[in-house]
Amino acid sequence: MNRACTKKELAEISGYTYRRLYDIDRDLPKDKKLFVESEGGKCDLAVFVQRWVEYNVSRETESSNDLDAVKAKHEIVKTQKTELEVARMRGRLIDVADVKRLWGDIASTVTQNLLHVASKTAPLVRMMDSVEAIQSIIDGEIRSALEHIADTPLPDYAAEEEKASDESEEDDGEV
């Protein structure tokens with residue numbers, strides 16, 4: 001014989017408020033609803049207990065699966081972080097700010113050297129009529145400026161990083 005209870009009685013049995021139980025029931029699919037009406041508008045106690053247990057068990061396994069997924073994701077992130085740190089120590093990874101600073105210095109040197117070409121060549125070609133001679137002088141000054149740029153030593157901060165990177169590559173080879 002099935003026992004029938006009101007929804008408030010079922011809430012007392014479960015230890016939840018009627019409102020909370022109503023909210024849970026509202027969000028469940030139709031075949032998993034907690035409140036299954038039977039005779040006289042009351043709900044079937046046996047069905048309620050079975051579905052209540054099923055709901056709680058599925059919620060527990062869901063949260064443990066979620067926790068496992070979070071832990072796995074955390075481990076992946078830690079592994080990626082470690083890989084990046086190792087790559088940085090070996091000199092295979094560099095900071096974007098350092099690269100921007102170094103290229104900014106290089107661009108500044110290029111700009112300065114190329115701007116001096118005009119002031120160096122103007123007095124030399126002032127009275128010349130031959131296009132080939134003027135072209136030769138300008139070409140020579142541009143090449144000189146470019147060679148000067150190539151011979152420019154690295155700034156102190158970049159030279160220290162390059163030296164450290166070379167040393168770590170030598171250490172890698174001594175296994």
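One-based numbering along the sequence shown.
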Once rounded to the nearest 0.5 Å, what's the spacing between atom CG of Asp95 and atom NZ of Lys100?
9.5 Å
Is it true that Arg20 and Asp23 make a salt bridge, defined as a side-chain N closer than 4.0 Å to a carboxylate O?
no
Output yes when a side-chain donor or acceptor of Glu9 lies under 3.5 Å from a complementary backbone atom of Thr6, and no otherwise.
yes
Please name the pair of heavy atoms, one in Ser119 and one in Pro123, separated by the smallest distance, quoted to 0.1 Å.
O-CD, 3.2 Å
Neighbour count >12 (heavy atoms, 6.0 Å) for atom CG, Asp129:
no
Verify the cluster assignment for Val131 and Ile137: are they in a single hydrophobic cluster under the rule of side-chain heavy atoms below 4.5 Å apart?
no
Before you tell me yes or no, could you show the steps for Cys43 and Val36 under side-chain contact (heavy atoms from CB on, under 4.5 Å), namely the whole-Å CA-CA distance, both residues' side-chain angles and the distance that decides it to 0.1 Å?
CA-CA 5 Å; Cys43 298; Val36 178; 6.0 Å; no
Main chain of Lys33, side chain of Arg51: is a donor-acceptor contact present, judged purely on distance under 3.5 Å?
yes
Side chain to side chain, Leu34 and Leu10, heavy atoms closer than 4.5 Å
no
Could you check whether any side-chain heavy atom of Ile106 comes within less than 4.5 Å of a side-chain heavy atom of Leu102, counting everything from C-beta outward?
yes
Contacts of Arg143 meeting salt bridge (charged side-chain N to carboxylate O under 4.0 Å, His left out) (sequence neighbours excluded), chain-then-number -> Asp139
Might you point out which heavy atoms bring Ser14 and Leu21 nearest each other, and give the distance in Å?
OG-CD2, 3.7 Å
Test log, rule side-chain contact (heavy atoms from CB on, under 4.5 Å), inputs Leu114 and Val110:
CA-CA 6 Å; Leu114 291 178; Val110 168; 3.8 Å; yes
Kindly indicate whether the side chain of Trp52, heavy atoms from C-beta on, has any atom under 4.5 Å from the side chain of Ile13.
no
Salt bridge or not for Lys42 and Glu37, using N-O below 4.0 Å?
no
Give a yes or no on whether the backbone of Gly104 and the side-chain of Ser108 come within a donor-acceptor separation of less than 3.5 Å.
no
Side-chain ion pair, Lys78 and Glu75, N-O less than 4.0 Å
yes
Shortest non-hydrogen pair, Ala11 vs Thr17, comes out as CB-C, 3.9 Å
Grouping I, L, V, M, F, W and Y whenever their side-chain heavy atoms are under 4.5 Å apart, do Leu93 and Met89 come out in a common cluster?
no
Atom CZ of Arg126: over 12 foreign heavy atoms under 6.0 Å:
no
Evaluate the side-chain proximity of Lys7 to Tyr18: yes if any heavy-atom separation is below 4.5 Å, no if none is.
yes
Under 3.5 Å, is there a donor-acceptor pair between the side chain of Ser144 and the main chain of Gly140?
no
Name the one of Val125, Leu146, Thr121 that satisfies side-chain contact (heavy atoms from CB on, under 4.5 Å) with Glu141?
Thr121
Indicate the ring-plane relationship of Phe35 and Phe48, choosing parallel, tilted or perpendicular according to the 30° and 60° boundaries.
parallel
Gln135, CD: over 12 other non-hydrogen atoms inside 6.0 angstrom:
no
How long is the straight-line distance from NE2 of His74 back to CD1 of Ile76, given to the nearest 0.5 Å?
11.5 Å
